[in-house]
Amino acid sequence: QVQLVESGGGLVQAGGSLSISCAASGRTFSSYRMLWFRQPPGKEREYVARISRSGGSIGYADSVKGRFAISRDNAKNTVYLQMNSLKPEDTAVYYCAADRAEVIRTTPGDMDYWGKGTLVTVSS
């Protein structure tokens, strides 16, 4: 069992930056690929970024590539998302998720564990 708790959301102006984090409980954090998803108001949840167990493999959705950076610290059981050059369309509840599968998956329904989310609002 893994419990995930996101933090760091808030209100930021367009063009600004924000860093959010996700703390995991348990001793098996390093056994999971970690992902960030987001759910804009009135829309479906969508994939944002992923990071492998060791942190050596990273991927991003096209919509955030070059602006967002995912990282993890296995000693602290925490995964981070640094968001730069934020746009109003980045407004969403951001969720972290843990996936134990060997193959890379980015579909929300395939994730094993979810946090409750943190709201990021980007004003224009």
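The first residue of the sequence shown is numbered 1, and numbering continues consecutively from there.
- Rounded to the nearest 0.5 angstrom, Thr78 OG1 and Phe29 CZ are separated by 6.5 Å.
- Arg67 places a side-chain N or O within 3.5 Å of a backbone atom of Ser85 that can act as its donor or acceptor partner.
- If you chain together hydrophobic residues whose side chains sit under 4.5 Å apart, Phe37 and Leu86 never meet in one group.
- At a threshold of 4.5 Å between non-hydrogen side-chain atoms, the residues Thr28 and Val2 count as touching.
- Distance OG/Ser71 to CE/Met34: 11.5 Å, rounded to 0.5 Å.
- To the nearest 0.5 angstrom, Cys22 atom SG is 11.0 Å from Trp114 atom CH2.
- A donor-acceptor pair under 3.5 Å is formed between the side chain of Ser25 and the backbone N or O of Gln3.
- Ser7 and Ser21 are linked by a side-chain donor-acceptor pair at a separation below 3.5 angstrom, with hydrogens and angles left out of the test.
- Residues Phe68 and Tyr47 do not share a hydrophobic cluster, defined by chaining ILVMFWY side chains whose heavy atoms lie under 4.5 Å apart.
- Tyr60 and Ile70 make their closest contact through OH-N, 2.9 Å (heavy atoms, listed as atom of the first residue, atom of the second, distance).
- Met111 CE to Cys96 SG: the interatomic distance, rounded to the nearest 0.5 Å, is 11.5 Å.
- The number of heavy-atom neighbours closer than 6.0 Å to CD of Glu46, taken from other residues, nucleotides and ligands shown, is above 12.
- Listed by first and then second residue, the side-chain hydrogen bond (donor to acceptor under 3.5 Å, both in side chains) pairs involving residues 101-110 are Asp99-Arg105 (not counting sequence neighbours).
- Residues Val48 and Val122 fall within the same hydrophobic cluster, defined by Ile, Leu, Val, Met, Phe, Trp and Tyr side chains chained together at heavy-atom separations under 4.5 Å.
- One hydrophobic cluster, built from ILVMFWY side chains closer than 4.5 Å, cannot hold both Tyr94 and Tyr80; they sit in different ones.
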Exercise for the section: Before giving the answer on side chain to side chain contact (heavy atoms under 4.5 Å, CB included), spell out for Leu4 and Tyr95 the whole-Å C-alpha distance, their side-chain angles and the decisive distance to 0.1 Å. Expected result: CA-CA 9 Å; Leu4 304 173; Tyr95 299 89; over 6 Å; no
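- Remark: the backbone N or O of Val93 is not paired with any side-chain donor or acceptor of Arg45 at under 3.5 angstrom.
- Between Glu6 and Lys116 no salt bridge is recorded (no basic side-chain N to carboxylate O distance below 4.0 Å).
- One finds the OG1 atom of Thr118 at 14.0 Å from the CZ atom of Arg38 (value rounded to the nearest 0.5 Å).
- The aromatic rings of Tyr113 and Tyr32 sit perpendicular, their planes meeting at an angle over 60°, well past the 30° parallel limit.
- The nearest pair of heavy atoms linking Asn74 to Arg53 is ND2-O, 3.0 Å.
- A donor-acceptor pair is defined here as one N or O able to donate and one able to accept, closer than 3.5 Å; no such pair exists between the side chain of Arg100 and the backbone of Ser31.
- Hydrophobic clustering places Ile51 together with Ile20 (ILVMFWY residues linked when any side-chain heavy atoms are closer than 4.5 Å, directly or through intermediates).
- Between Asp90 and Lys87 there is no salt bridge, since none of the side-chain N atoms of the basic residue sits less than 4.0 Å from a carboxylate O of the acidic one.
- Here the closest non-hydrogen pair linking Leu81 and Ala49 is CD1-CB, 4.3 Å.
- Shortest non-hydrogen contact noted between Leu18 and Gly10 is CD2-N, 3.9 Å.
- From Ile58, atom CD1 reaches atom CZ of Arg50 across 9.0 Å, with rounding to the nearest 0.5 Å.
- For Ser124 against Pro88, the heavy-atom pair with the smallest separation is CB-CG, 3.8 Å.
- Here the closest heavy-atom approach between residue Gln82 and residue Ser19 is recorded as OE1-CB, 3.3 Å.
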